Amino acid sequence: MDEQAFDDVIRVNLKGTFLVNQAAAKAMIDAGVDRGSIINLSSIIGKVGNMGQANYAASKAGVIGLTKSVAKEMAKFNIRCNAVVPGFIETPMVQSVPSKVIEKLLPNIPLGRLGKAEEIADMCVFLASDRSSYVTGTAIEVTGGLFM
C-alpha cells in the first residue's frame, strides 16, 4: 500500500469522523441541549486488523479512541459519545468480498450469518435514545459473535 492510499482512508474515516464530532458537539453546546448523543461508526476490523487493510484498520481503531476521548470531554455537557462496531454486514462493501472468503468466514460467526444494515441502525437508535442515558465511551460490537 502506498502512502497516498493510507492517507486517503485516514482522511475520510478518521479525520472526517473528528470533524463531524467537532461540529455536532459545538452545535449541541451552542444550542444548550440538556442531553445529547454522538454515535460514531467503527468496524470490527479496527479491533482485530485484516490483511491488506492497514489503512482501514488504523482508521477504524482511531475512531474508537476518538470516541472515548470525545465521551470524556463532552460528559460535562451531558453529551454522550459511543461507537458502533459492525462485523460483516450485508452491504455493497461486503458484497465485493469473494464468495469463497465469505464461505470460510461464516463458520466463525456464532450466529451463522452476516448481519443486516437494520441491525446496525437499531443499535444507533438505541444509543440515540434516552434508554441508553448511562452509556458513554463504549464501542458496542454488532458482529453476531465474531471474534468474541
Side-chain angles (χ1 to χ4, degrees), residues 1 3-97 102 105-106 108-148:
M1 170 181 317
E3 186 175 350
Q4 188 63 49
F6 185 87
D7 288 346
D8 288 347
V9 172
I10 294 292
R11 190 170 27 264
V12 170
N13 291 350
L14 184 54
K15 187 172 183 182
T17 300
F18 164 76
L19 293 171
V20 170
N21 277 243
Q22 186 180 56
K26 182 178 182 337
M28 285 187 242
I29 292 166
D30 290 350
V33 300
D34 61 343
R35 61 188 176 275
S37 177
I38 297 171
I39 304 159
N40 294 322
L41 290 174
S42 182
S43 169
I44 193 62
I45 300 306
K47 293 184 86 173
V48 301
N50 201 22
M51 290 185 58
Q53 289 190 308
N55 53 358
Y56 184 75
S59 71
K60 293 302 188 172
V63 167
I64 293 170
L66 173 69
T67 296
K68 292 178 179 294
S69 295
V70 170
K72 288 180 179 183
E73 293 175 16
M74 293 297 107
K76 66 184 172 192
F77 300 105
N78 204 24
I79 298 170
R80 299 173 296 108
C81 186
N82 294 288
V84 175
V85 182
F88 288 84
I89 307 300
E90 294 174 352
T91 63
M93 187 169 119
V94 171
Q95 288 172 350
S96 69
V97 175
I102 298 295
L105 174 70
L106 284 175
N108 295 307
I109 301 173
L111 291 181
R113 64 177 177 81
L114 298 178
K116 296 177 174 58
E118 295 83 5
E119 292 166 315
I120 303 305
D122 289 343
M123 181 57 69
C124 292
V125 168
F126 169 71
L127 290 172
S129 76
D130 286 340
R131 292 177 52 214
S132 64
S133 63
Y134 199 60
V135 179
T136 195
T138 62
I140 300 177
E141 294 183 18
V142 184
T143 63
L146 180 65
F147 300 120
M148 70 173 164

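Predicted, not measured: the structure shown is a model, and the values here were computed from it. Computed from heavy atoms alone, side chains included, the values below leave out hydrogens, waters and symmetry copies.
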Report the residues that fulfil side-chain hydrogen bond (donor to acceptor under 3.5 Å, both in side chains) with Thr143, sequence neighbours left out, ordered by chain and then residue number. none

I'd like to check the side-chain hydrogen bond (donor to acceptor under 3.5 Å, both in side chains) partners of Lys26; sequence neighbours left out, ordered by chain and number. Asp30

Heavy-atom side-chain proximity of Met148 to Pro110 below 4.5 angstrom: yes

Compute whether any side-chain donor of one residue and acceptor of the other, for Arg80 and Ser132, lie under 3.5 angstrom apart. yes

Tightest non-hydrogen contact, residues Ser59 and Val9, listed as OG-CG1, 3.8 Å

All N/O donor-acceptor pairs, side-chain side in residues 118-128, below 3.5 Å, sequence neighbours left out:
{"unit_1": "Glu119", "atom_1": "OE1", "unit_2": "Arg113", "atom_2": "NH1", "d": "3.2"}
{"unit_1": "Glu119", "atom_1": "OE1", "unit_2": "Lys116", "atom_2": "N", "d": "2.7"}
{"unit_1": "Glu119", "atom_1": "OE2", "unit_2": "Arg113", "atom_2": "NH2", "d": "2.6"}

Let me confirm one number: the OG-CE distance from Ser43 to Met93, rounded to the nearest 0.5 Å. 6.0 Å

Between Ile38 and Met28, is there a side-chain heavy-atom distance shorter than 4.5 Å? yes

Is the shortest side-chain heavy-atom distance between Ile64 and Lys68 below 4.5 Å? yes

Can you name the nearest heavy-atom pair linking Ala71 to Thr136, along with the distance? CB-OG1, 3.4 Å

Which heavy-atom pair separates Pro86 from Ser42 by the least distance, and what is that distance? CD-O, 3.4 Å

Rounded at 0.5 Å granularity, tell me how far CG in Asn55 sits from CG in Asp7. 9.5 Å

For Gly49 and Ala57 the tightest heavy-atom approach is CA-CB, 4.0 Å

Can you find a pair of side-chain heavy atoms, one from Met1 and one from Gln53, that are under 4.5 Å apart? no

What's the spacing between Asn13 CG and Tyr56 OH if we round to 0.5 Å? 6.5 Å

Nearest-0.5 Å distance, OG1 of residue Thr67 to CZ of residue Phe18: 12.5 Å

Would you indicate whether the side-chain heavy atoms of Leu146 and Leu105 approach each other to under 4.5 Å? yes

Within the structure provided, determine whether Ile45 and Lys60 are in side-chain contact (heavy-atom separation under 4.5 Å). no

Nearest 0.5 Å, what's the CD1-SG distance between Ile39 and Cys81? 9.0 Å

Exactly one of Ile140, Val63, Leu41 clears side chain to side chain contact (heavy atoms under 4.5 Å, CB included) with Val84, and that residue is Leu41

Distance, nearest 0.5 Å, that separates CD1 of Ile89 from CD1 of Ile44: 10.5 Å

Among Thr17, Asn82, Val85, which one satisfies side chain to side chain contact (heavy atoms under 4.5 Å, CB included) with Asn40? Thr17

Search all heavy atoms of Lys15 against all heavy atoms of Arg11 and return the closest pair with its distance. CB-O, 3.3 Å

